[in-house]
2 protein chains.
Amino acid sequence: MDDKVLSKSSTLADEVFDQIRTAIVEGELAPGSKVNEPQLSKHYGISRGPLREAIRRLEGCKLVEIKPNVGAKVVSLNREQAIEIYEIREALEGVACRLAATRAGTEDCTRLRELLAHHEQQIQSDNGRRYFQKEGDLDFHYLIVQLSSNTRLFNLLCGELYHLQRLYRCQTSSEPLRPEQAFKEHHQIVDAIENHDGELAELLMKRHISRARETLVSQLNQIVMN
Amino acid sequence: MDDKVLSKSSTLADEVFDQIRTAIVEGELAPGSKVNEPQLSKHYGISRGPLREAIRRLEGCKLVEIKPNVGAKVVSLNREQAIEIYEIREALEGVACRLAATRAGTEDCTRLRELLAHHEQQIQSDNGRRYFQKEGDLDFHYLIVQLSSNTRLFNLLCGELYHLQRLYRCQTSSEPLRPEQAFKEHHQIVDAIENHDGELAELLMKRHISRARETLVSQLNQIVMN
DNA sequence: TGGAGATAAAATGTCAACAATAACTAAAGA
DNA sequence: TCTTTAGTTATTGTTGACATTTTATCTCCA
């Protein structure tokens with residue numbers, strides 16, 4: 001009998017890192033809650049050594065904050081920090097879009113079209129809600145960043161910022177923001193990429209994320225009012 | 001007698017992290033070289049436990065790469081990766097500049113002016129060389145990112161990308177790139193910030209970094225020719 | 001009743017030893 | 001001479017125990 005279903009050639013610290021990360025991003029570990037080492041090491045059945053290494057990796061992803069002699073806490077993003085992330089995404093995905101427009105081949109554009117078509121199908125059969133709830137929105141952004149062919153940019157966005165975004169959405173249990181409008185903007189962006197118009201693609205993507213940020217801000221303001 | 005000159009309320013792993021990071025960035029630990037745990041733990045007089053945590057933090061900063069069961073290696077940036085960093089810097093410092101233009105107060109602009117005046121003085125008394133060799137260039141970019149008031153952006157640039165940039169400069173022992181021209185561009189950028197013209201400030205900064213990237217690329221091409 | 005201080009419990013930081021894997025060395029065969 | 005293979009060495013991965021610090025609890029006193 002094999003050791004496990006799918007665990008080989010990887011270290012304990014890395015495996016537990018993955019598990020804790022998804023636990024954080026999916027809200028299983030509440031934002032702001034303490035990361036208790038003895039408790040977690042017991043839960044995952046490992047020693048504190050590799051666990052601490054995993055926590056240090058989580059710190060690198062900005063998913064936990066460590067205070068010396070006090071311990072790690074799951075990050076809790078406030079309104080300002082969420083906006084900061086949008087500001088960074090706007091810049092990074094803007095350049096990702098520009099690069100994608102210059103570097104994407106015809107087959108890449110086909111994939112983008114197919115992705116959008118698939119999403120459109122889901123929207124029509126679902127009244128437009130599930131698309132953005134089920135991270136279909138991120139799928140689109142994911143693919144564009146991939147097409148930028150900038151590995152570091154990909155790791156930054158897909159390995160760090162998107163996780164934080166998901167954490168925030170889960171934390172505030174926020175509803176999908178303006179799905180129909182966003183979907184139209186996605187189409188415009190693909191148009192620009194297909195035309196290899198890097199400048200326009202960058203502009204559209206920056207505007208796309210900027211609008212999402214503004215929608216979030218106004219939504220947050222509304223919550224404060226209530 | 002005190003324990004040490006300046007070491008308290010911090011953990012061993014964090015202290016060693018700082019030491020190794022500077023050792024890497026300053027070229028003391030050669031790019032591509034192996035990070036030997038027994039050797040380093042002996043050198044710094046600590047156990048392998050905290051050392052491994054420090055290495056994991058270094059991995060988070062992208063300064064080392066860890067392979068399971070093999071160990072960590074100091075990153076060695078190739079030409080493509082250096083360009084990737086420039087592409088990211090262009091986007092991030094662009095938005096940093098835009099934010100700085102909208103958020104910087106009069107006293108902040110005064111600080112920028114003083115910094116440039118100080119640099120100008122150094123240039124005149126030094127024939128323009130030391131300014132950019134001694135990271136005076138980074139001082140300028142540092143301050144602007146601070147003025148953006150985006151903490152995450154600051155940590156990203158100043159806590160990660162600038163270190164990688166220094167590593168690459170040290171690795172290729174590259175000379176300062178076009179100091180006089182860059183200095184003029186710095187002045188233009190401050191002008192835009194002082195006028196609270198965010199759009200222009202972003203444009204100028206992006207162009208500034210874009211030119212630096214192009215200079216680097218042509219310089220690298222020249223090396224290939226020889 | 002409320003707070004200050006002492007005590008106890010728990011958590012974090014650190015270390016040294018053991019296990020498992022990879023890297024190196026040397027011998028044997030073609 | 002080169003390649004393969006076995007054995008040895010070194011390094012990484014993991015664990016449990018100990019030290020130190022923080023946090024919680026309890027007592028005492030105003």
Side-chain angles (χ1 to χ4, degrees), chain A residues 1-4 6-21 23-24 29-76, chain B residues 1-4 6-21 23-24 29-76:
Chain A
M1 187 171 173
D2 294 342
D3 279 327
K4 279 176 184 174
L6 168 69
S7 76
K8 215 46 176 301
S9 77
S10 183
T11 173
L12 275 186
D14 291 331
E15 291 178 12
V16 170
F17 163 78
D18 272 332
Q19 297 187 48
I20 299 181
R21 181 172 63 176
I24 290 177
L29 265 65
S33 67
K34 194 163 180 342
V35 177
N36 190 307
E37 291 183 10
Q39 175 186 327
L40 279 182
S41 72
K42 191 172 230 173
H43 179 267
Y44 290 108
I46 64 170
S47 172
R48 277 180 54 222
L51 176 66
R52 284 172 67 88
E53 294 181 26
I55 293 175
R56 274 278 153 61
R57 279 197 65 186
L58 291 170
E59 184 191 23
C61 300
K62 311 294 171 59
L63 284 174
V64 303
E65 289 171 348
I66 301 180
K67 279 186 186 174
N69 292 313
V70 174
K73 275 187 5 181
V74 180
V75 293
S76 177
Chain B
M1 190 168 171
D2 294 343
D3 279 325
K4 278 177 184 174
L6 169 69
S7 77
K8 217 41 177 302
S9 76
S10 184
T11 172
L12 274 185
D14 291 331
E15 291 176 13
V16 170
F17 163 78
D18 272 331
Q19 297 187 48
I20 299 181
R21 180 173 65 177
I24 291 176
L29 265 65
S33 66
K34 195 166 177 346
V35 177
N36 190 306
E37 291 182 10
Q39 176 186 325
L40 279 182
S41 71
K42 191 174 231 174
H43 180 267
Y44 290 108
I46 64 170
S47 173
R48 277 181 54 222
L51 176 67
R52 284 172 67 89
E53 294 182 25
I55 292 175
R56 275 275 154 60
R57 279 197 65 187
L58 291 170
E59 184 191 22
C61 298
K62 312 295 172 57
L63 285 174
V64 303
E65 289 170 349
I66 301 180
K67 278 186 187 174
N69 293 315
V70 174
K73 273 185 8 180
V74 179
V75 293
S76 178

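No experiment lies behind these values; they were computed from the predicted model shown.
B:K42 places its NZ atom 12 Å from the P atom of C:dA16, with the value rounded to the nearest Å. In this structure, the CG atom of A:D14 is 15 Å from the P atom of D:dT12, given to the nearest Å. B:E65 has its CD atom 18 Å from the C1' atom of D:dT12, to the nearest Å. Computed from coordinates, the A:N69 CG to D:dT21 P distance equals 7 Å when rounded to whole Å. Rounded to whole Å, atom C1' of C:dT12 lies 13 Å from atom CG of B:L12. Between B:I46 atom CD1 and D:dA19 atom C1' there is a gap of 16 Å when expressed in whole angstrom units. The interatomic distance linking B:E59 (CD) with D:dT12 (C1') rounds to 14 Å, in whole Å.
Looking only at side-chain heavy atoms (C-beta outward), A:P50 and A:V16 stay at 4.5 Å or farther from each other. Within the 4.5 Å cutoff, side-chain heavy atoms of A:L63 are placed close to those of A:R21. No side-chain heavy atom of A:V35 sits less than 4.5 Å from a side-chain heavy atom of A:I66. Contact of the B:V75 side chain with the B:I24 side chain is not registered, since no non-hydrogen atoms from C-beta on lie closer than 4.5 Å.
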After noting the C-alpha distance and the side-chain angles of A:Y44 and A:L12, does the key distance pass the side chain to side chain contact (heavy atoms under 4.5 Å, CB included) rule?
CA-CA 10 Å; A:Y44 290 108; A:L12 275 186; over 6 Å; no
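Closest-nucleotide positions on DNA chain D for A:G45 and B:A72 were compared, and the one nearer the 5' end corresponds to B:A72.
Here the shortest heavy-atom pairing between A:A54 and A:A13 reads CB-O, 3.5 Å.
Here the CD1 atom belonging to A:I20 is positioned 9.5 Å from the NE2 atom belonging to A:H43, to the nearest 0.5 angstrom. We find the CG-NZ distance between A:L40 and A:K34 to be 10.0 Å, quoted to the nearest 0.5 Å.
The stretch residues 48-58 of chain B comes close to DNA chain D through B:R48, B:R52, each having a heavy atom under 4.0 Å from the strand.
Distances shown here put every side-chain N or O of B:T11 at or beyond 4.0 Å from the OP1 or OP2 atom of C:dT12.
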Between N or O atoms, less than 3.5 Å apart, protein on one side and nucleotides 9-11 of chain C on the other: list the pairs.
from	atom 1	to	atom 2	distance (Å)
C:dA11	OP1	A:N36	ND2	3.1

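The salt bridge (Lys or Arg N to Asp or Glu O under 4.0 Å) analysis of residues 42-55 of chain B, with sequence neighbours excluded, yields the pairs A:R52-B:E53, A:E53-B:R52, A:R56-B:E53, B:E37-B:R48, B:E37-B:R52.
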